[in-house]
**Student:** 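Sharing a structure here in structure tokens format.
Remember, it's 1-based here, ligands and their atoms both numbered in the order they're listed. The basis for the numbers below is simple: all heavy atoms, side chains too, and nothing from hydrogens, waters or symmetry mates.
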Amino acid sequence: MNMPLIVGNWKMNLLTDEAVVLAGGIRDFVKSLSGIRVVLAPSFTLLSEVRNVLSGSNVGLACQNFYFEEKGAYTGEVSAGMIKDAGCEFAIIGHSERRHLFGETDALINKKVSCAVEKDIDAILCVGETEDQRKTGKTFEIIEQQVCKGLDGLKRQDLQKISIAYEPVWAIGTGENATASQAEEVHHFIRKTITDKIYGNGISPLTILYGGSVTPENCSELLANKEVDGALVGGASLNIDSFCAIINAAKSV
Ligand code: 13P
């Protein structure tokens with residue numbers, strides 16, 4: 001099992017002053033902790049300032065998205081080289097908000113995962129079913145499709161640079177988290193899909209995060225599950241007390 005990974009996805013929130021205070025507080029809290037990896041994913045405009053705050057600390061930096069082309073006429077986009085240049089070691093890819101609000105397809109997401117690996121950036125590939133898909137019994141079909149298409153063409157050694165985040169769409173920002181047993185079931189299915197359908201046995205341990213309404217109240221139970229290697233936290237990562245409580249819980253389980 002890998003070290004627990006706790007990622008704060010700040011989404012489209014915070015201005016520079018707020019981000020600097022929050023990142024500084026998290027950096028100071030995490031300073032003396034070992035055996036856990038904490039990563040912050042601010043918006044593009046905050047990367048430079050947050051990088052300065054985190055410099056020399058044990059808190060990593062992630063972007064929430066990037067575009068797979070190297071450079072050129074792609075107005076409004078940011079390349080993997082640029083996010084690496086801005087200090088990102090991690091990239092969140094294929095978040096459900098990108099899929100559903102901005103029309104990202106599995107094919108596009110796959111190009112981004114390949115590009116991240118090529119640039120030596122740790123990819124966090126997000127997958128998850130909608131409420132409707134769960135209700136109509138399509139959860140596993142959807143997850144299999146998103147995992148297989150997202151990893152298409154990637155080699156088994158590339159998995160060392162890839163984590164998966166299971167984020168059921170119905171749990172994101174709703175206050176209704178998946179139960180530990182729902183998360184366990186899907187995480188187990190993801191591991192099985194990756195071995196049975198893609199790489200076969202003998203792959204290195206894969207980090208699978210859970211995301212969707214993670215709070216200080218529900219995180220211990222979720223993180224105590226052997227299938228859950230960490231959390232991708234949205235709303236609760238914007239508050240120093242709640243995010244540090246989640247980090248603490250991950251450290252203690
Ligand atoms: P919430 O924690 O706000 O539900 O968001 C989850 C998420 O989308 C993290 O990427």
**Student:** Which residue supplies the protein heavy atom nearest to atom 2 (O) of ligand 1, what is that atom called, and how far is it?
**Tutor:**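 For atom 2 (O) of ligand 1, the nearest protein heavy atom comes out as Gly234 N, 2.9 Å.
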**Student:** For the side-chain contact (heavy atoms from CB on, under 4.5 Å) test, which of Ile143, Asp106, Asn110, Thr193 pairs with Cys148?
**Tutor:**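 Running side-chain contact (heavy atoms from CB on, under 4.5 Å) over Ile143, Asp106, Asn110, Thr193 with Cys148 returns exactly one hit, Thr193.
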**Student:** For the pair Asp229 and Arg191, find out whether any cationic side-chain nitrogen is under 4.0 Å from an anionic carboxylate oxygen.
**Tutor:**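 Judged by the 4.0 Å cut-off on N to carboxylate O distance, Asp229 and Arg191 do form a salt bridge.
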**Student:** Would Ser96 count as a contact residue for ligand 1, given that I'm defining contact as a non-hydrogen atom of the residue lying under 4.0 Å from a ligand atom?
**Tutor:**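 In this structure, Ser96 fails to qualify as a contact of ligand 1 - no heavy atom is under 4.0 Å.
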**Student:** With atoms numbered from 1 as shown, which atoms in ligand 1 lie under 4.0 angstrom from a non-hydrogen atom of Asn9?
**Tutor:**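 Per the distance check, 9 (C), 10 (O).
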**Student:** Can an N or O of Thr174 be found at a distance shorter than 3.5 Å from an N or O of ligand 1?
**Tutor:**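 No; every N/O pair is 3.5 Å or more apart.
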**Student:** Check Leu232 against ligand 1 and report side chain, backbone, both or neither, counting heavy atoms closer than 4.0 Å.
**Tutor:**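 Both of them.
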**Student:** Output all residues satisfying side-chain hydrogen bond (donor to acceptor under 3.5 Å, both in side chains) with Gln160, sequence neighbours left out; order by chain, then residue number.
**Tutor:**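 Per chain and number, Gln160 pairs via side-chain hydrogen bond (donor to acceptor under 3.5 Å, both in side chains) with no residue.
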**Student:** In the single-linkage hydrophobic clustering (I, L, V, M, F, W, Y; side-chain heavy atoms under 4.5 Å), do Ile92 and Trp10 co-cluster?
**Tutor:**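 No, Ile92 and Trp10 fall in different hydrophobic clusters.
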**Student:** At a 4.0 Å threshold, what atoms of ligand 1 neighbour a non-hydrogen atom of Gly235?
**Tutor:**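 Ligand 1 atoms under the 4.0 Å threshold to Gly235: 1 (P), 2 (O), 3 (O).
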**Student:** With Arg134, which residues qualify under side-chain hydrogen bond (donor to acceptor under 3.5 Å, both in side chains), at least two apart?
**Tutor:**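 Counting only residues at least two positions away or on another chain, Arg134 forms a side-chain hydrogen bond (donor to acceptor under 3.5 Å, both in side chains) with Glu129, Tyr166.
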**Student:** Should the proximity of Ala171 to ligand 1, defined as any heavy atom under 4.0 Å, be assigned to the side chain, the backbone, both, or neither?
**Tutor:**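 Backbone only.
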**Student:** For Gly212, is at least one N or O under 3.5 Å away from an N or O on ligand 1?
**Tutor:**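 Min N/O separation from ligand 1 is not below 3.5 Å for Gly212.
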**Student:** Should you measure from each heavy atom of Glu167, which atoms of ligand 1 turn up under 4.0 Å away?
**Tutor:**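 Numbered from 1, ligand 1 contributes 6 (C), 7 (C), 8 (O), 9 (C), 10 (O).
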**Student:** Atom 4 (O) of ligand 1: which of Ser237, Gly211, Gly173 has the nearest heavy atom?
**Tutor:**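 The option holding the nearest heavy atom is Gly173.
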**Student:** Tell me which protein heavy atom sits closest to atom 5 (O) of ligand 1, plus the residue, atom name and distance to 0.1 Å.
**Tutor:**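 Here the closest protein heavy atom is Lys11 NZ, 3.2 Å.
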**Student:** Counting only N and O atoms by type, is there a donor-acceptor contact under 3.5 Å from the side chain of Glu144 to the main-chain atoms of Glu141?
**Tutor:**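 No: the side chain of Glu144 does not pair with the backbone of Glu141.
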**Student:** Would you call Glu89 and Arg37 a salt bridge, using N to O less than 4.0 angstrom?
**Tutor:**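 Yes, this pair counts.
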**Student:** Under 4.0 Å between a Lys/Arg side-chain N and an Asp/Glu carboxylate O for Glu184 and Lys226?
**Tutor:**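 Yes, charged N to carboxylate O under 4.0 Å.
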